[in-house]
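Numbered from 1 within each chain, the chains take letters A, B, ... in sequence-line order.
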Amino acid sequence: MSVRVRFAPSPTGYLHIGGLRTALFCYLFARSQGGTFLLRLEDTDRSRFVADAEEDITTCLEWAGLVIDEGPHLGADYRQSARTALYRQYAKQLLDVGRAYYAFDTPEALREMRGKGRTYDRETRHKMRNAFTLPEHAVQAWIVAGRPHVVRMRIPERNTVRFTDAVKGPVAFPVHGLDDQVIIKSDGQPTYHLANVVDDHLMGITHVIRGEEWLSSTPKHILLYNALGWEPPVMAHLPLILSPHGGKLSKRSAARLGIPVNVRDYRQQGYEPEALVNFLALLGWHPDTAQEVFSREALEQAFTLDRVAPSPARFDLDKLRWFNQQHLRLLGPDEVSRRIRAQVQASFGAVDPAYLLRVLAVVGARMVLRKEIITTYAYFFRDPEEYEPRGVKKRWKADSAGLVRAYADTLEQVEAFDAGVLETALRDLAAARNVGAGRVIHPVRLAASGTTAGPSLFEMLEVLGRECCAQRLRRAAQVLGT
RNA sequence: GCCGCGUUCGUCUAGGGGUCUAGGACGCCGGCCUUUCACGCCGGUAACACGGGUUCAAAUCCCGUACGCGGUACCA
């Protein structure tokens with residue numbers, strides 16, 4: 001049977017980084033098996049529905065390079081809100097075979113019961129208002145009369161549900177700890193528990209891969225499969241992603257640590273999707289080699305469920321940044337320039353593509369984030385607005401202005417404006433003035449870029465060009481003085 | 001509270017009875033390269049949660065404890 005895996009988010013907000021990780025593992029497993037990856041929207045909670053969430057989810061998955069084979073945006077009938085009749089049909093089936101029952105309890109009655117520390121289990125259900133405690137004609141009459149009611153699944157009396165999770169291994173849940181979960185809400189919508197079982201079965205899902213927060217409710221799902229006479233799919237529960245300090249990676253804690261929570265924020269902050277994917281894949285999964293840097297295609301090849309770790313992993317922004325640097329290099333100057341061009345133009349106006357490429361060639365290996373081109377390396381596109389005060393203090397000596405002016409003269413006269421020639425010229429100048437080369441190099445860098453750090457000075461000057469360099473050197477000599 | 005899952009360097013992890021004086025990566029710290037900052041290279045720091053078993057032998061198997069995380073909804 002061919003493998004079919006679904007990513008089934010709830011459109012209650014923008015795609016979360018943890019959601020992307022789940023989607024990625026689903027996707028990688030599907031691809032590694034030559035299977036199908038589908039997207040299904042679990043929008044049965046109308047009160048939490050967010051209108052633009054679905055678009056954000058598909059956009060972000062696409063950005064990350066996770067190609068969806070089947071999904072609502074491709075015309076498939078995969079929005080649960082549009083499948084209500086289906087769930088009701090199977091709820092009816094469960095009702096008919098006695099594995100589900102009607103219940104009429106008010107929210108107040110439920111709250112009161114829970115206040116006593118009870119759950120809606122095989123004991124409590126005989127004290128509530130439902131098909132167990134009401135005569136059948138009353139149940140029918142109330143339903144006909146439109147009295148609010150839900151359908152609950154009837155958890156069997158005694159049993160232990162066992163299954164082998166593809167990540168966690170053998171798991172056992174005594175059934176007496178489970179409550180009679182609502183499967184059809186009073187608004188007629190199914191709960192997640194019913195809907196996901198029905199859909200996974202109908203859609204031919206072979207492997208349910210989802211976050212660990214679902215592990216506890218899996219026994220209920222297995223019971224539902226059994227009651228419906230269906231074979232449950234393989235279950236695989238992924239460890240959660242924790243914040244760097246160990247807690248839940250909540251919006252607030254993440255924000256405090258500078259960690260974006262929504263996938264769109266990574267995109268907006270200029271992380272490369274390849275890097276994010278690589279980082280996320282290694283958060284909880286490890287190949288059987290020492291390889292760390294993977295393209296998406298390589299991950300698709302190497303991924304296996306049995307090498308997913310069972311324990312939760314903490315988010316490490318430094319490691320993400322390292323992956324980003326690695327992938328920036330892998331991408332190469334052509335691709336990076338394509339990705340960054342729009343931002344460069346927005347910041348500095350029209351830029352010659354060939355020039356951008358030369359800047360990238362000089363700066364490439366030291367970039368962690370592509371946006372550094374318009375921040376750290378802005379001086380390649382416009383004159384420095386100021387000279388780093390600490391650098392000036394350290395490098396700008398009494399003789400600097402004179403040396404910089406002299407070097408500007410040289411630059412204007414030199415025949416070929418390339419790094420080799422520029423270096424020779426500078427060293428000659430230093431020798432002629434009887435000073436160390438550093439005495440010239442540092443002030444020149446400061447004058448040309450405004451900072452003390454950067455690529456090889458002479459390559460930098462070559463890229464900047466003759467006029468630009470001469471002008472910046474003279475201006476600095478004038479501004480910084482003496 | 002109850003149920004479930006987990007626990008190897010600061011972090012991600014390898015390892016699944018002897019090859020472990022526990023390996024790799026990120027980070028951090030040194031050094032080399034370089035009269036800048038990086039890159040690169042070399043080196044260093046640093047971990048089997050604890051207690052009992054089982055075994056000739058345990059990071060690896062079993063039990064318990066602690067801690068962490070998840071669940072305990074007419075949310076997913």
Considering only atom [atom1], compute the distance from [N] to [M] and round it to an integer number of Å.
N: B:A59; M: B:G53; atom1: P; result: 15 Å
N: B:U34; M: B:G27; atom1: C1'; result: 24 Å
N: B:C50; M: B:U7; atom1: C1'; result: 11 Å
N: B:G71; M: B:A76; atom1: P; result: 14 Å
N: B:A58; M: B:G1; atom1: C1'; result: 35 Å
N: B:G16; M: B:A22; atom1: C1'; result: 14 Å
N: B:G44; M: B:G6; atom1: C1'; result: 32 Å
N: B:C29; M: B:C67; atom1: C1'; result: 31 Å

Is [X] touching bases, backbone alone, or none of the nucleic acid, heavy atoms closer than 4.0 Å?
X: A:R307; answer: sugar-phosphate
X: A:R439; answer: nothing
X: A:P9; answer: nothing
X: A:I183; answer: nothing
X: A:E42; answer: sugar-phosphate
X: A:S456; answer: base
X: A:A103; answer: nothing
X: A:G211; answer: nothing

Quick one: look up who [N] pairs with, Watson-Crick or G-U, both distances under 3.5 Å, and put none if it's unpaired.
N: B:A59; answer: none
N: B:C2; answer: B:G71
N: B:G43; answer: B:C29
N: B:G17; answer: none
N: B:U65; answer: B:A49

Once you measure the plane-to-plane angle for A:W285 and A:F294, does it fall in the parallel (<30°), tilted (30-60°) or perpendicular (>60°) bin?
perpendicular
Is the ring pair A:W214/A:H221 parallel, tilted or perpendicular, if the boundaries are 30 and 60 degrees?
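The rings of A:W214 and A:H221 sit tilted, inter-plane angle from 30° to 60°.
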Pairing residues for A:W396 by the ring-ring contact (aromatic ring centres under 6.0 Å, His included) criterion, not counting sequence neighbours
none
Considering residues at least two apart in sequence or located in another chain, which fulfil the ring-ring contact (aromatic ring centres under 6.0 Å, His included) criterion with A:Y90?
A:W230
Within less than 4.0 Å of OP1 or OP2 of [N], is there a side-chain N or O belonging to [X]?
X: A:R152; N: B:C74; result: yes
X: A:T12; N: B:C75; result: no
X: A:R390; N: B:U36; result: no

Would you state whether a donor and an acceptor, one from the side chain of A:R366 and one from the base of B:C39, lie under 3.5 Å apart?
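Check fails, no donor-acceptor contact within cut-off.
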Mark yes or no: A:R162 above the aromatic ring of A:F173, with NZ or CZ under 6.0 Å from the six-membered ring centre and no more than 45 degrees from the axis.
no
Quick test: give all pairs of protein nitrogen or oxygen and nucleotides 68-72 of chain B nitrogen or oxygen below 3.5 Å, distance rounded to 0.1 Å.
from	atom 1	to	atom 2	distance (Å)
B:G70	N2	A:S216	OG	3.2

Per-nucleotide protein contact string for nucleotides 41-50 of chain B, where B marks a base within reach and S marks sugar-phosphate only (heavy atoms under 4.0 Å, - for neither)
----------
If you assign each of A:V171 and A:P239 to its closest nucleotide in RNA chain B, which residue comes earlier from the 5' end?
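Final value for this comparison: A:V171.
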Pick the nucleotide of RNA chain B nearest each of A:Q326 and A:W322; which residue has the one closer to the 5' end?
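So the residue in question is A:W322.
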Using distance alone, with no hydrogens and no angle criterion, decide if A:T218 and A:R210 have a side-chain donor and acceptor under 3.5 Å apart.
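Yes, side-chain donor-acceptor contact under 3.5 Å.
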Which salt bridge (charged side-chain N to carboxylate O under 4.0 Å, His left out) pairs, counting each pair once, include a residue from residues 211-220 of chain A, with sequence neighbours left out?
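Only A:K168-A:E212, A:D179-A:K220 qualify under salt bridge (charged side-chain N to carboxylate O under 4.0 Å, His left out).
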Side chains of A:V263 and A:Y14 in contact at under 4.5 Å (non-hydrogen atoms)
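Not in contact.
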Show your reasoning for whether side-chain contact (heavy atoms from CB on, under 4.5 Å) applies to A:L320 and A:L317.
CA-CA 5 Å; A:L320 205 216; A:L317 199 59; 4.1 Å; yes
Tabulate below the donor-acceptor pairs under 3.5 Å that side-chain atoms of residues 418-439 of chain A make, not counting sequence neighbours, or state none.
from	atom 1	to	atom 2	distance (Å)
A:D418	OD1	A:G420	N	3.0
A:D418	OD1	A:V421	N	3.2
A:E423	OE2	A:R427	NE	2.9
A:E423	OE2	A:R427	NH2	2.8
A:T424	OG1	A:G420	O	2.9
A:R439	NE	A:D399	OD1	3.4
A:R439	NE	A:D399	OD2	3.1

Applying salt bridge (Lys or Arg N to Asp or Glu O under 4.0 Å) to A:R46 and A:D187, what does each step give before you reach the verdict?
CA-CA 10 Å; A:R46 287 162 39 229; A:D187 65 357; 3.3 Å; yes
